[in-house]
Protein chains: 2
Amino acid sequence: MTKVEEIITNDQQRIARYAKALGHPIRMYVMELLSKQSCCYSGDLSEELPIAKSTLSQHLKELKDAGLIQGEIETPRIKYCINKENWEEAKSLFNKFLGTKDK
Amino acid sequence: MTKVEEIITNDQQRIARYAKALGHPIRMYVMELLSKQSCCYSGDLSEELPIAKSTLSQHLKELKDAGLIQGEIETPRIKYCINKENWEEAKSLFNKFLGTKDK
DNA sequence: GTCATTGTTCGTTAAATTACGAACAAAAGT
DNA sequence: ACTTTTGTTCGTAATTTAACGAACAATGAC
């Protein structure tokens, strides 16, 4: 009868999308790293993390598809950093949701 | 070689668990509702939301299993509310992650 | 050109997620 | 006892997720 879009707000859709992307320890690890040190190389991640590089690649793709990170080619490596614009949006959405006073 | 637990912190595991639970629009909707109005009945949710009640039940179970909500029998209905203790932990973890100043 | 290096894509597999309706269980009302 | 209300559980199906290794592509070094 009623459609999802009439009930679930756009913000809820978006924050759920971000939350989903953060819903894995490896991806949390990457995001936390990036929020601390501005950028990283997947080769370095691949060394520290005990997972196949193809698996890591998939996780990075997840984060990229969710808009949380972006990759920049810096041959022969790829430099990953936070996607500032979307990250700001995500933070704003989470802060609002969490009832934090700012924003 | 190295184990996941040596790399991924406990906090990262926990916040990822919470994020995963929040990674669906329906569940975001419920959590947002509960953070506003302290409690709700799944019957009411079932009416507003265009999904089967069995599906809703599953989503509520997800949130319950993640520790974000708790159900209290109030026959014949079930009253759902935030699980305060875990919600505080989740907020604290998210705030730390998001780089918010408080907490 | 050939060889490393770096990271993605492919193919596969196992498990988890999402969704539905039907069946079921519990408890209160008649 | 029967019915109604409320919500969970069951059975099923389609899709997505997570993981691996092998194969592949791009680029720089030899």
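Residue numbering restarts at 1 for every chain, and letters A, B, ... go by the order of the sequence lines. Every value quoted in this text rests on a predicted model; they were computed, and no experiment measured them.
- The number of heavy atoms from other shown groups lying within 6.0 Å of CD (E74(A)) is above 12.
- Mapped onto DNA chain C by nearest heavy atom, E62(B) and K61(A) fall at different nucleotides, with K61(A) at the one closer to the 5' end.
- Closest heavy-atom contact between K64(B) and Q70(B): CG-CA, 4.3 Å.
- In this structure, CG of L49(B) is placed 11 Å from P of dA19(C), rounded to the nearest angstrom.
- Taking every heavy atom of both residues into account, A16(B) and H24(A) meet most closely at CB-C, 3.6 Å.
- OP1 or OP2 of dT18(C) sits under 4.0 Å from a side-chain N or O of R27(B).
- In this structure, Y80(B) does not reach the dT6(D) phosphate: none of its side-chain N or O atoms is under 4.0 Å from OP1 or OP2.
- Distance OH (Y41(B)) to P (dT6(D)): 12 Å, rounded to an integer number of Å.
- Remark: I8(B) CD1 to E32(A) CD distance equals 9.5 Å, nearest 0.5 Å.
- Nearest approach of R27(A) to K20(A), heavy atoms of both residues: NH2-O, 3.5 Å.
- Atom CD of E85(B) has 12 or fewer neighbouring heavy atoms from other residues, nucleotides or ligands inside a 6.0 Å radius.
- Between L60(A) and I69(A) the shortest heavy-atom distance is O-CD1, 3.6 Å.
- Of the residues near DNA chain D, G23(A) and G43(B), the one whose nearest nucleotide (by heavy atom distance) lies more toward the 5' end is G43(B).
- DNA chain D forms stems at C:1-30 with D:1-30, each a run of 3 or more consecutive Watson-Crick or G-U wobble pairs whose two key distances fall under 3.5 Å.
- Residues Y41(B) and I51(B) do not share a hydrophobic cluster, clusters being chains of Ile/Leu/Val/Met/Phe/Trp/Tyr side chains in contact below 4.5 Å.
- At whole-Å resolution of the value, CG in D44(A) and C1' in dG7(C) are 13 Å apart.
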Can you give one letter per nucleotide of nucleotides 19-30 of chain D, going 5' to 3': B for a protein heavy atom under 4.0 Å from the base, S for sugar-phosphate only, - for none? BBBB----SS--

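- Nearest heavy-atom pair, M31(B) versus L22(B), reported as atom, atom and distance to 0.1 Å: CG-CD2, 3.6 Å.
- Between P50(A) and I7(B), the shortest heavy-atom distance links the atoms CD-CG1, 4.2 Å.
- Going from atom CG of L63(B) over to atom P of dT17(C) covers 13 Å, rounded to whole Å.
- Less than 4.0 Å separates DNA chain C from at least one heavy atom of each of the following residues of residues 13-20 of chain B: K20(B).
- The CG-P distance, from D65(A) to dA18(D), rounds to 12 Å in whole Å.
- One atom, CD of E74(B), and another, C1' of dT8(D), lie 18 Å apart when rounded to the nearest Å.
- Rounding to the nearest 0.5 Å gives a distance of 12.0 Å between CE of M28(A) and CD1 of I26(A).
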